[in-house]
Amino acid sequence: MPTETIQEIAIKALEGKKVDLVIGFTPGTRPLTIRPAFIDDPSAVKKLVWNDFCAINPAKYLLKHPKRVGIIANGCISRSIVMYIMEKQIERRDIYIIGVPCAGMLDKYKINAFWDKKKKKSLSSESGRVLLSGDGQIREYPRHMLLRQNCLSCRHKNPVIYDILAGKPVDENEQVTDPDIEALEALPTPDRLQYFRSIFSTCKLCYACRNACPICYCPTCFAERPDSQWAGKQADRPDPLAFHLLRAMHCAGRCTDCGACENACPAGIPLTKLTRKLNKDIRLLYHFEAGLNIETPLPFSVYNLEDPQEFMLTEELKKTARVSAV
Amino acid sequence: MERTAHTWEPKIVAFLCNWCSYAAADLAGVRRLQYPPNVRIVRVPCVGSVSPLFILFALRQGADAVIVSGCSPGDCHYRSGNLYARRRFQVFKNLLHFSGIEEDRVHFAWISAAEAELFVKTMQEVTMRVRILGPLKHLKSS
């Protein structure tokens with residue numbers, strides 16, 4: 001079982017003085033929640049768990065603990081670690097990565113939709129089935145019905161970089177698509193506008209998404225610039241839409257689709273709609289996915305002379321012979 | 001004076017690179033070629049320096065459309081600024097369109113210093129398209 005294996009590996013790493021600290025997950029204060037764990041003593045290793053709710057991205061804490069630290073990492077978390085190495089925030093030799101193959105994390109909103117929040121007592125899952133019990137009942141659901149949206153379209157479940165693997169690798173599905181993104185793309189533009197205005201209507205600009213995101217680590221965020229006011233601070237104006245569009249652009253080609261943003265949002269906004277759309281575009285246009293390979297340069301750091309440019313207005317005008325090519 | 005629907009004129013912000021597109025605009029002026037006064041020009045050293053932050057800021061401050069125009073690939077005064085920008089603009093245009101902003105509100109163009117007519121035609125085209133779309137209301141910050 002992953003939890004036991006992780007605990008054994010962590011005890012060995014701490015006792016063998018390989019690391020001074022292990023960053024992982026521990027159950028939260030309420031049912032079906034998780035908290036980050038910072039274990040610096042072998043006696044505390046029993047706090048570490050790996051379950052269906054490990055949806056935060058603990059890689060972010062590596063920025064504060066960049067040396068002699070162990071970290072539990074599944075596919076998306078390991079990709080965040082690769083991004084940190086590429087962007088020169090940490091050194092590979094300073095961290096000990098305990099890799100965990102991942103079956104995806106469950107979506108608390110989907111669970112609440114099926115089961116009244118107050119009634120549920122416990123959850124257990126085994127090979128494709130999830131059992132919710134409480135209030136004298138037990139109900140069973142297929143796992144894919146309760147998975148988080150970005151876990152459903154996950155292309156890298158196994159860690160891409162690790163020192164030791166706590167479990168057998170799982171099968172990958174590299175052909176998976178994002179049907180909800182494709183559905184949104186097929187809508188007429190005014191309907192999409194309506195959709196995004198409605199989901200961002202509850203955004204209070206708390207910046208929990210940005211704080212949870214591993215790839216958002218600018219010392220001064222663009223949204224905190226009082227001189228330029230790029231996105232604004234007023235939640236009842238179009239400012240949230242501007243903030244999220246610009247943050248998505250700053251993470252374009254760097255986002256590893258961990259969904260920590262969506263998990264952190266107190267208003268339950270489906271933020272991965274924007275991130276997955278950008279990841280899809282960059283995958284199709286520039287054949288790039290973030291965090292897979294330390295050697296591959298980031299898509300916006302390079303260019304190709306053959307990059308597509310049909311989107312440019314002058315190309316369109318020249319092609320339709322509205323204007324003669326000079 | 002009372003403002004009615006047909007007195008609305010689109011406000012278009014044009015980020016033009018100093019070496020090519022701004023020179024083209026200047027040449028259009030020298031040659032007395034008429035182009036719509038709806039276009040407000042912002043001169044930048046290179047379109048490689050134009051960030052998505054600027055484009056969205058212009059739309060939030062009241063622009064109904066934005067056009068960013070630079071040197072064509074291979075001709076950048078700084079060698080490759082426009083090549084980096086090309087990728088950035090493609091992805092940003094897709095993102096804006098996905099979020100519900102009409103495609104014709106954000107344009108990108110290659111206009112070189114001698115192409116005064118192309119500049120005029122491009123500005124005329126953008127103004128015409130945006131006039132059909134109407135004012136951009138939902139992004140204004142006040």
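Letters A, B, ... are given to chains in the order of the sequence lines, protein chains preceding strands, and every chain is numbered from 1. FYI, side chains are in, hydrogens and waters are out, and symmetry mates aren't considered; it's all heavy atoms of this structure.
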Requested in this report: Verify side chain to side chain contact (heavy atoms under 4.5 Å, CB included) between Thr314(A) and Lys121(B), making sure each step is shown before the conclusion.
Outcome: CA-CA 9 Å; Thr314(A) 37; Lys121(B) 284 281 194 317; over 6 Å; no

Report task. Let me see the working for Glu316(A) and Arg129(B) under salt bridge (charged side-chain N to carboxylate O under 4.0 Å, His left out), right down to the final yes or no. Result -> CA-CA 14 Å; Glu316(A) 188 194 321; Arg129(B) 292 188 188 189; 2.8 Å; yes

Requested in this report: Kindly indicate, with the supporting measurements, whether the criterion side chain to side chain contact (heavy atoms under 4.5 Å, CB included) is fulfilled by Leu83(B) and Asp307(A).
Outcome: CA-CA 8 Å; Leu83(B) 297 171; Asp307(A) 276 335; over 6 Å; no

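Around CZ of Phe92(B), the count of heavy atoms belonging to other residues, nucleotides or ligands within 6.0 Å exceeds 12. Within a 6.0 Å radius of NZ in Lys280(A), more than 12 heavy atoms belonging to other residues, nucleotides or ligands are found. Counting non-hydrogen atoms of other residues, nucleotides and ligands closer than 6.0 Å to CD of Gln34(B) gives a total of 12 or fewer. Within 6.0 Å of CZ in Arg40(B) there are more than 12 heavy atoms belonging to other residues, nucleotides or ligands.
Pairing each heavy atom of Phe57(B) with each of Gln229(A), the nearest pair is CE1-O, 3.7 Å. For the pair Gln309(A) and Pro73(B), the tightest heavy-atom approach, listed with the atom from each and the gap, is OE1-CG, 3.5 Å. The two residues Leu245(A) and Leu95(B) make their nearest non-hydrogen contact at O-CD2, 3.5 Å. For the residue pair Lys140(B) and Pro238(A), the shortest heavy atom distance occurs at O-CG, 3.1 Å. Smallest separation of non-hydrogen atoms from Met249(A) and Pro52(B): CE-CG, 3.9 Å. Minimum heavy-atom separation, Asn304(A) to Arg86(B): O-NH2, 3.0 Å.
Interface remark: His250(A) contributes side-chain atoms only to the contact with chain B (heavy atom separation under 4.5 Å). Interface remark: Leu305(A) contributes backbone and side-chain atoms alike to the contact with chain B (heavy atom separation under 4.5 Å). Using a 4.5 Å cut-off between heavy atoms, His107(B) contacts chain A through its side chain alone, with no backbone atom that close. Neither the backbone nor the side chain of Tyr195(A) comes within less than 4.5 Å of any heavy atom of chain B. Heavy-atom distances place the side chain of Tyr286(A), and not its backbone, under 4.5 Å from chain B. Heavy atoms closer than 4.5 Å to chain B are found in the side chain of Phe196(A), but not in its backbone. Only the side chain of Leu278(A) comes within less than 4.5 Å of a heavy atom of chain B; its backbone N, CA, C and O stay farther away. At a 4.5 Å heavy-atom cutoff, Leu59(B) makes no contact with chain A through either its backbone or its side chain. Only the side chain of Asp281(A) comes within contact range of chain B, judged by heavy atoms closer than 4.5 Å.
Judged purely by atom type and a 3.5 angstrom limit, Arg192(A) uses its side chain to pair as donor or acceptor with the backbone of His97(B). In terms of modelled atom types and a separation under 3.5 Å, the side chain of Arg87(B) and the main chain of Phe300(A) share no donor-acceptor contact. Side-chain atoms of Thr189(A) never come within 3.5 Å of backbone atoms of Glu102(B) as a donor-acceptor pair (strictly under, hydrogens ignored).
Atom NE2 of residue His138(B) and atom CD of residue Gln194(A) lie 10.0 Å apart, to the nearest 0.5 angstrom. The CZ atom of Phe243(A) lies 12.5 Å from the CG atom of Leu56(B); values are rounded to the nearest 0.5 Å.
Contact count against chain B (heavy-atom pairs under 4.5 Å) is highest for Pro299(A) among Ala252(A), Pro188(A), Pro299(A), Ser228(A). Interface remark: of the candidates Ser72(B), Ser80(B), Gly74(B), Ser51(B), Ser80(B) forms the most heavy-atom pairs closer than 4.5 Å to chain A.
With contacts defined as side-chain heavy-atom distances shorter than 4.5 Å, the pair Leu285(A)/Gln90(B) qualifies. By the 4.5 Å heavy-atom criterion applied to side chains, Trp230(A) and Arg60(B) are not counted as neighbours.
Taking the ring axis of Phe98(B) as reference, the NZ or CZ atom of Lys277(A) stays within 45° of it and closer than 6.0 Å to the ring centre.
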